[in-house]
Amino acid sequence: MGGRTEEEGSVSLELLRLKMAEFAEERNWDRFHSPRNLLLALVGEVGELSEIFQWKGEVGKGLPEWAAEEKEHLGEELSDVLLYLVRLSDMCGVDLSKAALRKIQLNALKYPANKSNPSS
């Protein structure tokens with residue numbers, strides 16, 4: 001499949017897509033995985049992710065003051081968002097990797113580095 005493997009600590013979006021498709025097929029969930037239903041599930045998961053940060057205020061890079069359990073929970077919710085996004089893109093026939101790379105290129109044209117304002 002190319003790219004790094006699970007054993008190396010990184011996976012491709014393609015591997016996630018294949019694993020999600022297999023997971024859904026084994027459970028006969030394809031009939032429920034319409035783009036609309038997947039989008040609504042994704043929005044719900046983003047809500048759960050947002051809830052984790054709701055009362056935290058600003059947090060530093062790496063979340064230095066968070067307990068290990070909080071970071072683990074965060075990882076689970078981030079994973080839910082990613083997996084629904086991967087599944088949604090698959091069910092819509094969008095190659096998410098290519099679309100993301102194209103979007104980065106478009107953003108580079110829209111926001112050139114030499115015209116970037118470093119202040120907020």
Side-chain angles (χ1 to χ4, degrees):
M1 252 184 272
R4 289 185 256 176
T5 64
E6 291 176 85
E7 293 78 30
E8 294 178 63
S10 182
V11 297
S12 68
L13 289 178
E14 177 62 11
L15 180 59
L16 292 176
R17 185 192 70 76
L18 291 170
K19 286 189 171 289
M20 288 300 294
E22 180 182 3
F23 186 88
E25 186 177 324
E26 288 173 347
R27 289 155 182 81
N28 196 25
W29 286 357
D30 283 333
R31 59 196 166 126
F32 304 118
H33 284 188
S34 67
R36 176 192 171 276
N37 287 349
L38 290 166
L39 175 61
L40 292 174
L42 174 62
V43 168
E45 293 300 337
V46 170
E48 291 181 24
L49 178 60
S50 298
E51 187 178 31
I52 294 173
F53 287 93
Q54 187 171 10
W55 306 113
K56 296 281 189 186
E58 288 301 321
V59 296
K61 182 178 180 179
L63 312 175
E65 298 187 13
W66 286 33
E69 298 81 27
E70 290 176 303
K71 288 183 180 182
E72 184 175 352
H73 182 218
L74 175 62
E76 291 169 357
E77 295 305 332
L78 286 166
S79 296
D80 285 340
V81 170
L82 174 62
L83 294 173
Y84 272 117
L85 183 61
V86 167
R87 184 71 172 149
L88 175 61
S89 67
D90 186 27
M91 297 309 286
C92 290
V94 172
D95 182 325
L96 191 56
S97 295
K98 288 180 182 174
L101 288 175
R102 181 175 182 277
K103 186 62 177 176
I104 291 170
Q105 291 172 341
L106 291 172
N107 284 343
L109 294 172
K110 188 175 181 179
Y111 306 104
N114 63 347
K115 297 198 179 188
S116 177
N117 184 355
S119 66
S120 59

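The CG atom of Asp95 lies 8.0 Å from the OG atom of Ser89; values are rounded to the nearest 0.5 Å. Atom CZ of residue Arg102 and atom CD1 of residue Ile104 lie 12.5 Å apart, to the nearest 0.5 angstrom. Between the CG atom in Leu96 and the OG atom in Ser12 there is a gap of 11.5 Å [rounded to 0.5 Å]. The NZ atom of Lys110 sits 6.0 Å away from atom NZ of Lys103, with the distance rounded to the nearest 0.5 Å. For the atom pair Leu83 CG and Leu38 CG, the distance stands at 11.5 Å (nearest 0.5 Å). Between the CG atom of Leu85 and the CG atom of Leu39 there is a distance of 10.0 Å, given to the nearest 0.5 Å.
When every heavy atom of Glu45 is checked against every heavy atom of Asp80, the shortest pair comes out as OE1-OD2, 3.1 Å. Considering every non-hydrogen atom in both Ala24 and Arg87, the closest pair reads CB-NH2, 3.2 Å. Nearest heavy-atom pair across Ile52 and Leu74 is CD1-CA, 3.8 Å. Closest approach of Asp90 to Arg17, counting heavy atoms only: OD1-NH1, 3.3 Å.
Residues Val86 and Leu78 share a single hydrophobic cluster, defined by chaining ILVMFWY side chains whose heavy atoms lie under 4.5 Å apart. Leu49 and Val43 end up in the same hydrophobic cluster when Ile, Leu, Val, Met, Phe, Trp and Tyr side chains are linked at under 4.5 Å. When hydrophobic clusters are built by joining Ile, Leu, Val, Met, Phe, Trp and Tyr residues whose side-chain heavy atoms come closer than 4.5 Å, directly or via intermediates, Phe32 is not grouped with Met20. There is no path of hydrophobic side-chain contacts, each under 4.5 Å, that joins Val94 to Leu18. The hydrophobic cluster containing Val81 also contains Leu63, counting ILVMFWY residues as joined when their side-chain heavy atoms lie under 4.5 angstrom apart, directly or transitively.
Using a cutoff of 4.0 Å between basic side-chain nitrogens and carboxylate oxygens, Lys19 and Glu22 are not scored as salt-bridged.
Note on ring orientation: taking the six-membered ring where Trp is involved, the planes of Trp29 and Phe23 are perpendicular (angle over 60°, cut-offs 30° and 60°).
Using a 4.5 Å heavy-atom threshold, the side chains of Leu82 and Leu13 count as touching.
The salt bridge (charged side-chain N to carboxylate O under 4.0 Å, His left out) test with Lys56 is passed by exactly one of Glu51, Glu70, Glu65: Glu70.
Around atom CD of Glu26, more than 12 heavy atoms belonging to other residues, nucleotides or ligands sit under 6.0 Å away. The number of heavy atoms from other shown groups lying within 6.0 Å of CZ (Arg27) is above 12.
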